[in-house]
Amino acid sequence: MARANEVARKMTTMRLSRYFLPVLKETPAEAQIVSHRLMLRAGLIKQASAGIYSWLPLGYKVLKRLEDIVHQEQIRAGHLPMLMPTIQSADLWRESGRYDAYGAEMLRIKDRHDRDMLFTPTAEELITDIFRGHVTSYKDLPLTMYQIQWKFRDEIRPRFGVMRGREFYMKDGYNFDLTKEDALHAYNRHLVSYLRTYERMGLQAIPMRAASGPIGGDDTHEFLVLAETGESEVFYDSEITDLRFGDREIDYASHAQCQSVLEEFTSRYARTDETHDPDVFAKIPVERQRVARGIEVGQIFYFGTKYSDAMGALVDDGQGNRVPVHMGSHGIGVSRLVGAIIEASHDENGIIWPEGVTPFHVGIVNLKQGDAACDGACEDLYKAFAAKGLEPLYDDRTERAGAKFATMDLIGLPWRITVGPRGLAGGTVELTSRKTGESRELSLEAVVARVAEIYAPHRG
RNA sequence: CGGGGCGUAGCGCAGUCUGGUAGCGCGUCUGUUUUGGGUACAGAAGGUCGUGAGUUCGAAUCUCGCCGCCCCGACCA
């Protein structure tokens, strides 16, 4: 048992000499935007083919951190996690009419029996099929299920790394409600949970009225992260960027509370180019009018009975009627978020991970590898962090200080501890913020306590 | 899909026009050196020049086909 614990402790610590971190000094020629360049340079991803990427250990850790946050916030909102297959039969899609409607963006496959299959671009059909097979009564409503699963959309032109990949990792959720009113509450509930989700990732994502595309429906908001490299042109009232969800407590079952958050965050003008109305925009005081670019990181839809009508997803309404359920769907582009966060948080030296999503909590730089005092202090530090449930990345390579600092800056851990003979002589190490560059000299005990304190608000 | 460009060592590139048996920088390996912001020196390994065919005594280089990748436009988490 003691031995198992020892192994577990080592698992939470990583020595850079034993890690797989293929950082690049030079920028790969194919990368045009900063997030793509930094993801390649920092060894987060490697392109497998156009718009399809392998997630290397460091990138995979970030992806998993984002996934954890999405799960936690979905579960907090009362939604049920599940998982559906990536390869689906064409039959259900014929039933909804989307097999033909979806067009070339859907990757179509034949199995050995020559049956038409497809790689799922979204899952309204399959979830509706599951629903109709098991739910027949209003008593089982409301119901919201979601998954985080790989999707494939055969984009005409994939670009910008994971920001517009063909294969991408997406949270997709589906709500089933008896009435339109209930379904709109589900819509509002998702808006609230998404606001929380993005803020935990260190992002400001603004809900904007949008167009629905092939999912269908009338009510839809997109969440956009402002960034110069965004693909969408956006128009908004600058007051909206002052809004913060913060750590307020919300009763997700309360229609009134969710409605009031929706009103707070959507009452000011904020639209993408698809729904932009210049006349309404012009009525905003000029000094508050903003035209910018944004990255779409999520979207919520209410589409009523579009799929339940087409696929016969009916429930007994308690009054002797069999009625189609009201539905909506909601997506968060988890893999795209990795790029979006980097677009929003970097400098000329590399990535700057927000504390909520960083792959390792702290980097330990040993300036004199092989020096007994330095090595010992670093070992003590990472054991102390592991004991507190924090994950350090220990740079134990026999590189010069400059090379170690450059690597740490590139991969963007928010906090770095520098351990060198000079400081240790006085019993201290240095704690440096990646974001501000500010450093503090602290004792070994104090630095562990300080880092634990920093991360306390970010633990689930 | 329309328009443009590129494919030569792990990465970034030169060589192609004007055919003659492949080179530079970074990285990697060995040794020495250095040690608080990508050290310096010496040595070494590493390439079916995307692919197939053709022209030629000879093809990275010329011709044709194919494949892959990137950029600009219309669509999408």
Side-chain angles (χ1 to χ4, degrees), chain A residues 22-33 36-37 40-41 43 46-52 66 70 102-106 120-123 148-173 194 205 210-215 220-225 230-232 272-274 294-301 329-340 349-350 365-371 374 397-410 416 418-425 429-430 432 437 439 441:
Chain A
V23 299
L24 306 173
K25 231 178 193 177
E26 290 172 288
T27 303
E30 74 269 17
Q32 297 299 310
I33 65 168
H36 191 193
R37 284 200 290 264
L40 292 168
R41 287 197 52 213
K46 176 161 171 56
Q47 180 169 324
S49 65
I52 301 177
L66 299 184
V70 172
Y102 219 98
E105 239 174 56
M106 185 153 71
T120 177
T122 175
I148 301 177
Q149 176 65 292
W150 292 97
K151 304 295 187 300
F152 196 94
R153 294 184 192 172
D154 200 358
E155 297 282 341
I156 296 169
R157 187 157 80 85
R159 63 188 121 166
F160 302 152
V162 299
M163 302 265 282
R164 178 174 293 290
R166 294 195 292 172
E167 186 184 54
F168 58 98
Y169 204 43
M170 183 172 87
K171 172 263 171 180
D172 49 318
Y194 279 25
S212 65
I215 306 286
T220 179
H221 279 89
E222 275 175 350
F223 289 76
L224 286 106
V225 173
E231 288 193 85
S232 310
T272 65
D273 47 5
E274 296 165 324
I295 302 165
E296 300 162 22
V297 294
Q299 190 161 9
I300 54 178
F301 300 88
S329 69
H330 334 86
I332 293 180
V334 179
S335 50
R336 170 179 286 183
L337 272 166
V338 179
N349 294 323
V365 170
N366 186 347
L367 289 178
K368 194 162 186 177
Q369 204 69 41
D371 176 86
C374 289
R397 298 172 302 164
T398 52
E399 291 286 345
R400 291 174 59 86
K404 292 191 175 189
F405 290 147
T407 297
M408 280 296 173
D409 287 350
L410 177 62
R416 185 186 80 207
T418 309
V419 178
R422 204 152 79 195
L424 281 184
V429 294
E430 196 174 82
T432 305
S439 293
E441 304 263 328

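Below, chains carry the letters A, B, ... as their sequence lines are ordered, and counting in each starts from 1.
In this structure, the aromatic ring of A/F405 is not positioned over the six-membered ring of the base of B/rG38 within 5.5 Å between centres and 30° between planes.
The residue A/S49 sits close only to the backbone: its heavy atoms come under 4.0 Å of sugar-phosphate atoms, none of a base. As judged by a 4.0 angstrom heavy-atom cut-off over every strand, A/D409 is placed among the base-contacting residues. At a threshold of 4.0 angstrom between heavy atoms, the contacts of A/L24 with the nucleic acid are absent. Residue-level contact check: A/A403 touches the bases, meaning some heavy atom is under 4.0 Å from a base atom. In this structure, A/Q369 reaches neither bases nor backbone, as no heavy-atom distance under 4.0 Å exists between it and the strands shown. The residue A/T407 sits close to a base: some heavy atom pair falls under 4.0 Å. Across all strands shown, A/G165 has heavy atoms under 4.0 Å from base atoms, whether or not it also approaches the sugar-phosphate. Residue contacts for A/G103: at a heavy-atom cut-off of 4.0 Å it reaches no nucleic acid atom on any strand shown. Within 4.0 Å of A/R416, counting heavy atoms only, lies at least one base atom of the nucleic acid. Here A/G331 lies out of heavy-atom contact (under 4.0 Å) with every strand. Residue-level contact check: A/A50 touches the backbone only, with heavy atoms under 4.0 Å from sugar-phosphate atoms and none from bases.
We find that CZ of A/R166 is positioned 7 Å from P of B/rC69, with the value rounded to whole Å. For the pair A/Y194 OH and B/rA77 P, the interatomic distance rounds to 11 Å; values are reported in whole Å. Between A/Q299 atom CD and B/rC75 atom P there is a gap of 14 Å when expressed in whole angstrom units. Between the CD atom of A/E296 and the P atom of B/rC75 there is a distance of 12 Å, rounded to whole Å. Counting to the nearest Å, the P atom of B/rC71 and the CZ atom of A/R159 are 8 Å from each other. Taking atom CD of residue A/E222 and atom P of nucleotide B/rC75, one finds them 13 Å apart after rounding to whole Å. Separating the CD1 atom of A/I156 from the P atom of B/rC75 is a distance of 9 Å, rounded to the nearest angstrom. Counting to the nearest Å, the C1' atom of B/rC11 and the CG atom of A/L410 are 14 Å from each other.
Look at B/rG52: its Watson-Crick or wobble partner, with both distances under 3.5 angstrom, is B/rC64. The partner of B/rC24 is B/rG12, judged by Watson-Crick or G-U wobble contacts that both fall below 3.5 Å. Pair assignment for B/rC69: B/rG5, on the basis of Watson-Crick or G-U wobble contacts that are both within less than 3.5 Å. The pairing partner recorded for B/rC41 is B/rG31, the criterion being a Watson-Crick or G-U wobble arrangement whose two distances lie under 3.5 angstrom.
Across the interface with RNA chain B, nearest-nucleotide mapping of A/L367 and A/Q47 shows A/L367 to be the residue nearer the 5′ end. A residue-by-residue look at A/L424 and A/S335 shows that A/L424 has its nearest nucleotide of RNA chain B further toward the 5' end.
Here the NE2 atom belonging to A/H221 is positioned 13.0 Å from the NE2 atom belonging to A/H330, to the nearest 0.5 angstrom. Between the NZ atom in A/K25 and the OG1 atom in A/T407 there is a gap of 9.5 Å [rounded to 0.5 Å].
Nearest approach of A/R166 to A/F168, heavy atoms of both residues: O-CD2, 3.5 Å. Across A/R37 and A/A31, no two heavy atoms sit closer than the pair CG-CB, 3.5 Å.
When the P atom is compared between B/rC75 and B/rC29, the two are found 50 Å apart, to the nearest whole Å. For the P atoms, the distance from B/rG65 to B/rG5 is 16 Å, rounded to whole Å. B/rG54 and B/rA44 have their C1' atoms separated by 40 Å, given to the nearest Å. B/rG27 sits 27 Å from B/rC70 when the P atoms are compared, rounded to a whole Å. The P atoms of B/rU61 and B/rA9 are separated by 15 Å, rounded to the nearest whole Å. Rounded to whole Å, the separation between the C1' atoms of B/rU34 and B/rU16 comes to 43 Å. Taking atom C1' on both B/rA77 and B/rC72, the two are 23 Å apart, rounded to the nearest angstrom. For the C1' atom pair drawn from B/rU35 and B/rC49, the interatomic distance equals 41 Å after rounding to whole Å.
The side chain of A/R157 lies closest to B/rG73 when the candidates are B/rC75, B/rG36, B/rG73. Nearest to the side chain of A/A406, among B/rC75, B/rG38, B/rG36, sits B/rG38. Of the candidate nucleotides B/rC71, B/rG12, B/rG36, B/rG12 has the atom nearest to the side chain of A/P28.
A/I148 is listed as a side-chain neighbour of A/Y169, based on a closest heavy-atom distance under 4.5 Å.
Residue A/T418 forms a side chain to side chain contact (heavy atoms under 4.5 Å, CB included) with just one option from A/L367, A/N366, A/V429, and that option is A/L367.
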So A/I332 and A/L337, side chain to side chain contact (heavy atoms under 4.5 Å, CB included) or not? Walk me through it. CA-CA 8 Å; A/I332 293 180; A/L337 272 166; 3.5 Å; yes
Sub-3.5 Å pairs of nitrogen or oxygen atoms, protein against nucleotides 4-6 of chain B:
none

Where do N or O atoms of nucleotides 24-31 of chain B meet protein N or O atoms at under 3.5 Å, pair by pair?
residue	atom	partner	partner atom	Å
B/rG25	N2	A/E26	OE1	2.7
B/rG27	OP1	A/K25	NZ	3.4

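Proximity of a side-chain donor or acceptor of A/K404 to a complementary backbone N or O of A/R397 within less than 3.5 Å is detected. No side-chain donor-acceptor contact under 3.5 Å links A/R153 to the backbone of A/E105. Without hydrogens or angle criteria, A/Y194 side chain to A/A205 main chain gives no donor-acceptor distance under 3.5 Å. Panel note: side chain A/S439, backbone A/E430; no donor-acceptor pair is recorded below 3.5 Å. Using modelled atom types, one side-chain atom of A/R336 and one backbone atom of A/M163 make a donor-acceptor pair closer than 3.5 Å.
Applying the side-chain contact (heavy atoms from CB on, under 4.5 Å) rule to A/A403 yields the partners A/E399; only residues at least two apart in sequence or on another chain are considered.
You'll find a donor-acceptor pair under 3.5 Å spanning the side chain of A/R400 and the base of B/rU34, going by distance alone.
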